[in-house]
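Numbers for residues simply follow the sequence, beginning at 1.
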Amino acid sequence: MKKQVLVSVDRGETRVALLEKPKGKRSYRVAELYLERRGARSIVGNIYKGKVDNVLPGLEAAFVDIGLDKNGFLHVDEIVLPGVETPRRGRGSGDGKKITDLLKPGQEIIVQVVKDPLKTKGARLSMELTIAGRYMVYAPTGEGIGVSRRLDDKERDRLRKEAKGLDLRDGGAIIRTAAAGAKREDFERELQYLFKLHEVLRKRAEENPAPSLVFQEADLSVRVVRDIFSDDFEKAIVDDPKQYQRLVSFFERTGPELVERLELYEGDEPLFEKHGVTEVLESTMSRRVDLPSGGYLMIDYAEALTVIDVNSGSFVGRGKQARLEDTITKTNIEAAIEVVNQLRLRDIGGIIVIDFIDMARARNQREVMKTLRAALEEDRTKTFTAEISKLGLVEMTRQNVTEGVREIMTRPCPTCDGEGVIKSEETIAIEVERRLRDEVGEEEAYLVRLNPRVTAQFTGEGGGALRALEAETGKVFYFEGSEGLPLDHFAITARGTQEEIAEQAVPFSEGDEVYVHIVEPHMYNVDDAVAKIDSYVISVTHGYRYLGEKRLVRIEAVGRTSATAVVIDGDQDGDDDALDSKPRRRGRRGGRRRTRAKAESASE
């Protein structure tokens with residue numbers, strides 16, 4: 001499978017896309033996406049000199065101050081101390097030293113971030129330090145040489161022979177997947193580079209006080225290209241000269257033979273748009289993902305897991321002999337491939353539950369699982385997948401190290417607080433009615449500020465709900481407000497006599513002229529139409545012919561929640577220039593409020 005890497009650098013963010021061309025295909029498809037914002041870089045791989053803030057024997061863990069908003073979390077299994085044997089305990093094991101014997105509050109330690117702070121959790125830390133290079137990961141406190149399991153057995157054996165006898169300076173190393181085809185001289189050259197980085201790290205740790213950063217991992221573009229660039233890749237295309245030079249400099253030190261595969265893009269069309277990446281990036285915001293045959297996925301995110309539901313949609317099988325089981329199986333096989341695509345594109349981690357359509361035959365279930373596992377072979381992130389349950393569910397986990405594209409590009413809705421639902425207008429109107437009963441005093445009338453959609457629950461259908469409330473309380477209520485208000489906004493803005501409140505609440509007087517946007521037909525009179533200014537309704541006589549247009553009307557009659565009007569500029573086009581040139585009458589309340597209303601209605 002041929003691959004390419006695209007690197008696009010803007011002032012505010014760096015974007016990296018991994019493109020793959022499957023065998024037998026002519027074009028590339030976007031397989032993975034990565035974003036990094038200025039001032040919000042991933043800290044995975046960073047090494048800090050920290051100070052133990054608290055040790056919790058019940059969790060066998062410590063919280064370490066590394067200079068961030070939240071303390072990092074260090075489990076006992078991740079503790080490495082010079083001259084101290086710390087056998088791996090695991091949960092429920094009784095062997096090994098207790099964490100209270102290893103760490104004390106106030107103790108200074110060197111730790112590395114292995115998982116970014118996610119949601120409410122702080123960074124996950126380890127004292128087993130690693131420094132990543134192109135072909136190897138050097139572990140100063142490790143021992144021996146390991147080889148990536150993603151390589152085939154023959155290549156792993158060859159690499160072990162090439163690396164045999166390397167001087168690791170009492171440390172250890174892991175040979176990476178990207179080292180496929182590497183020679184001994186490649187390892188020796190890279191080790192010298194990694195030793196220099198470790199020496200810089202050690203010196204900074206001695207000189208700097210805790211908490212402080214002593215080693216910073218490479219930025220996104222260098223990190224991604226370093227980790228994935230191999231013989232399978234045709235080229236890496238970069239649209240920023242400075243970033244291009246950084247990559248050239250890195251590969252000159254670690255893989256000189258790959259420098260010629262770096263390309264500086266200088267085209268007029270943006271790099272991501274030329275290769276169709278921008279469209280794919282936008283699609284990661286959608287819950288629905290369509291499948292080739294007409295089925296679709298629905299992806300829902302929760303705090304602890306992600307649920308992916310498979311639906312047959314418009315796919316009903318092919319040909320007259322199509323059977324239900326075959327239709328379901330084909331949809332599930334397409335879904336298995338697309339699920340993995342979406343996991344990689346969106347970088348979804350944690351617990352994942354896939355709800356496949358129920359299949360009656362075990363053979364078909366095995367075929368779907370075989371397809372899912374084959375697709376996961378292309379995923380560089382660690383995964384574990386269980387079998388299909390009796391309910392048609394597949395449970396799996398995928399390593400969650402950093403925030404995905406969706407988390408970086410979005411934030412929780414301030415209205416629903418990320419819940420995805422809000423109270424309905426009817427529910428809020430019922431709550432407002434209860435509050436009005438509790439909060440009314442001795443005054444005769446009240447002006448209430450609400451969102452117009454909530455006001456409509458009182459004034460709609462002839463205003464029966466409002467009349468019932470007034471009959472029960474013995475008070476008179478007027479409403480004001482605009483669509484810009486939160487749906488659950490409630491405030492009593494004025495109290496007084498009915499005449500005083502009416503003066504404030506009714507926006508027009510008889511004879512006033514105002515520009516309105518005629519937005520919908522009248523419910524009862526087919527020749528009439530309706531305009532709305534905030535929560536105030538204007539019925540326009542013979543206004544149906546102007547539906548969707550802006551017209552100057554004259555107010556003929558005024559009520560508490562609505563008015564009637566006639567069009568007086570039927571031969572005009574109702575543009576904004578006419579709004580400034582047409583003379584207007586001012587009613588008893590003057591033109592200030594009406595001018596505001598006209599401006600708001602014109603902007604709808």
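The pair Glu334-Lys330 meets the salt-bridge criterion, since a charged nitrogen lies less than 4.0 angstrom from a carboxylate oxygen. The residues Arg223 and Glu36 are annotated as salt-bridged, a charged nitrogen and a carboxylate oxygen being separated by less than 4.0 angstrom. Taking a cutoff of 4.0 Å between a charged side-chain nitrogen and a carboxylate oxygen, Asp219 and Arg41 do not qualify as a salt bridge. One finds no salt bridge joining Lys51 and Asp53 here, because no Lys/Arg side-chain nitrogen approaches an Asp/Glu carboxylate oxygen to under 4.0 Å. Note on Asp157 versus Arg160: salt bridge recorded, some NZ/NE/NH1/NH2 to OD/OE distance being below 4.0 Å. No salt bridge links Glu206 with Lys203; every basic N to acidic carboxylate O contact stays at or beyond 4.0 Å. A salt bridge is absent between Arg184 and Glu162: the closest approach of a Lys/Arg side-chain nitrogen to an acidic carboxylate oxygen does not fall below 4.0 angstrom. Salt-bridge check for Glu303 with Lys121: failed, with every basic side-chain N at 4.0 Å or more from each acidic carboxylate O. Salt bridge present: Glu32 and Arg380 bring a charged side-chain N and a carboxylate O closer than 4.0 Å.
For Asp65 (side chain) and Gly67 (main-chain N/O), a donor-acceptor pair under 3.5 Å exists by modelled atom type. For Thr331 (side chain) and Thr327 (main-chain N/O), a donor-acceptor pair under 3.5 Å exists by modelled atom type. Counting only distance, with no hydrogens or angles, the side chain of Gln112 and the backbone of Tyr48 share no donor-acceptor pair below 3.5 Å. Between the side chain of Arg26 and the main chain of Lys21, no donor-acceptor pair closer than 3.5 Å is present. Put simply, the side chain of Asp240 never gets that close to the backbone of Ser8: no donor and acceptor are under 3.5 Å apart. Formation of a donor-acceptor pair under 3.5 Å by the Asp116 side chain with backbone atoms of Leu118 is not found in this model. Judged by distance alone, with hydrogens and angles left aside, the side-chain atoms of Arg38 form a donor-acceptor pair with the main-chain N or O of Arg11 at under 3.5 Å. With His75 contributing its side chain and Asp77 its backbone, the two residues share a donor-acceptor pair below 3.5 Å. In this structure a side-chain-to-backbone donor-acceptor pair under 3.5 Å is missing from Asn332 to Val368. In this structure a side-chain-to-backbone donor-acceptor pair under 3.5 Å is present from Arg398 to Ile348.
In Lys70, the NZ atom is crowded: over 12 heavy atoms of neighbouring residues, nucleotides or ligands sit closer than 6.0 Å. For Lys274, the NZ atom counts as loosely surrounded, since its 6.0 Å shell holds 12 or fewer non-hydrogen atoms of other residues, nucleotides or ligands. Residue-environment remark: CG (Asp152) exceeds the threshold of 12 foreign heavy atoms within 6.0 Å. Taking a 6.0 Å sphere around CD of Gln342, one finds it holds more than 12 heavy atoms contributed by other residues, nucleotides or ligands. Heavy-atom contacts from other residues, nucleotides or ligands closer than 6.0 Å to CD of Glu279 number 12 or fewer. No more than 12 heavy atoms of other residues, nucleotides or ligands shown are found within 6.0 angstrom of CD on Glu143.
The shortest distance between side-chain heavy atoms of Leu129 and Ile110 falls below 4.5 Å. Between Ile174 and Met136 there is no side-chain heavy-atom pair separated by less than 4.5 Å. Residues Lys3 and Glu234 have side chains not in contact (no heavy-atom distance under 4.5 Å, counting atoms from C-beta outward). Val16 has its side chain out of reach of Leu6: every pair of non-hydrogen atoms, C-beta onward, lies at least 4.5 Å apart. Proximity of Tyr28 to Lys2: side-chain heavy atoms (C-beta onward) are separated by under 4.5 Å at one or more points. Using a 4.5 Å cut-off on side-chain heavy atoms (C-beta onward), Val225 and Phe251 make contact. Here the side chains of Leu262 and Tyr244 are in contact, with some heavy-atom distance below 4.5 Å. Between Arg134 and Leu258, some side-chain heavy-atom pair lies under the 4.5 Å cut-off.
Between Gly144 and Leu168, the closest heavy-atom pair is O-CD1, 3.9 Å. Across Gly350 and Asn400, no two heavy atoms sit closer than the pair N-CB, 3.7 Å. Here the shortest heavy-atom pairing between Ala62 and Val52 reads CB-CG1, 4.3 Å. When all heavy atoms of Asp167 and Phe195 are compared, the pair lying nearest together is O-CZ, 3.3 Å. Contact detail for Thr177 and Leu151: the closest heavy-atom pair is O-CD2, 3.6 Å. Looking at every heavy atom in both residues, Ala179 comes nearest to Glu155 through O-OE2, 4.3 Å.
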Step by step, would you call Leu74 with Ile79 a side-chain contact (heavy atoms from CB on, under 4.5 Å)? CA-CA 8 Å; Leu74 177 65; Ile79 296 176; 4.0 Å; yes
Would Asp347 and Arg344 satisfy salt bridge (charged side-chain N to carboxylate O under 4.0 Å, His left out), going step by step from the backbone distance to the final call? CA-CA 5 Å; Asp347 198 15; Arg344 297 177 66 193; over 6 Å; no
Could you walk me through whether Arg261 and Gln4 pass side-chain contact (heavy atoms from CB on, under 4.5 Å), step by step? CA-CA 10 Å; Arg261 299 191 197 178; Gln4 290 184 355; over 6 Å; no
CA sep, side-chain torsions, deciding dist, call: Leu393, Ile388, side-chain contact (heavy atoms from CB on, under 4.5 Å): CA-CA 5 Å; Leu393 303 177; Ile388 295 181; over 6 Å; no
Leu194 and His198: CA distance, side-chain angles, deciding distance, side-chain contact (heavy atoms from CB on, under 4.5 Å) verdict: CA-CA 6 Å; Leu194 295 175; His198 179 238; over 6 Å; no
Working note: Arg202 + Glu199, criterion salt bridge (charged side-chain N to carboxylate O under 4.0 Å, His left out); need CA distance, chi angles, decisive distance, verdict. CA-CA 5 Å; Arg202 188 187 61 78; Glu199 184 62 27; 2.4 Å; yes
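Under 3.5 Å, the side chains of Arg189 and Tyr135 contain no donor-acceptor pair of N or O atoms.
Separation of atoms CG (Leu376) and CG (Leu343) is listed at 7.0 Å; rounding is to 0.5 Å. Summarising the geometry, atom CZ belonging to Arg158 is positioned 13.5 Å from atom CZ belonging to Arg156; distances are rounded to the nearest 0.5 Å. Considering CD1 of Ile299 and CG of Asp309, their distance stands at 10.5 Å, rounded to 0.5 Å. With rounding to the nearest 0.5 angstrom, the CG atom of Asn364 is 7.0 Å from the CG atom of Asp326. Interatomic distance, Glu338 CD to Leu291 CG, rounded to the nearest 0.5 Å: 6.5 Å. Distance check: Phe250 CZ to Ser221 OG gives 10.5 Å after rounding to the nearest 0.5 Å.
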Return all side-chain donor-acceptor pairs below 3.5 angstrom for residues 404-414, not counting sequence neighbours, or 'none' if the list is empty.
residue: Glu407; atom: OE1; partner: Gly404; partner atom: N; Å: 3.2
residue: Thr410; atom: OG1; partner: Arg406; partner atom: O; Å: 2.5

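For the pair Arg15 and Phe272, the distance from NZ or CZ to the six-membered ring centre is under 6.0 Å and the angle to the ring normal is within 45 degrees. Judged by the 6.0 Å distance and 45° axis criteria, Arg288 is positioned over the aromatic ring of Tyr296.
A search for salt bridge (Lys or Arg N to Asp or Glu O under 4.0 Å) contacts involving Glu260 returns nothing, not counting sequence neighbours.
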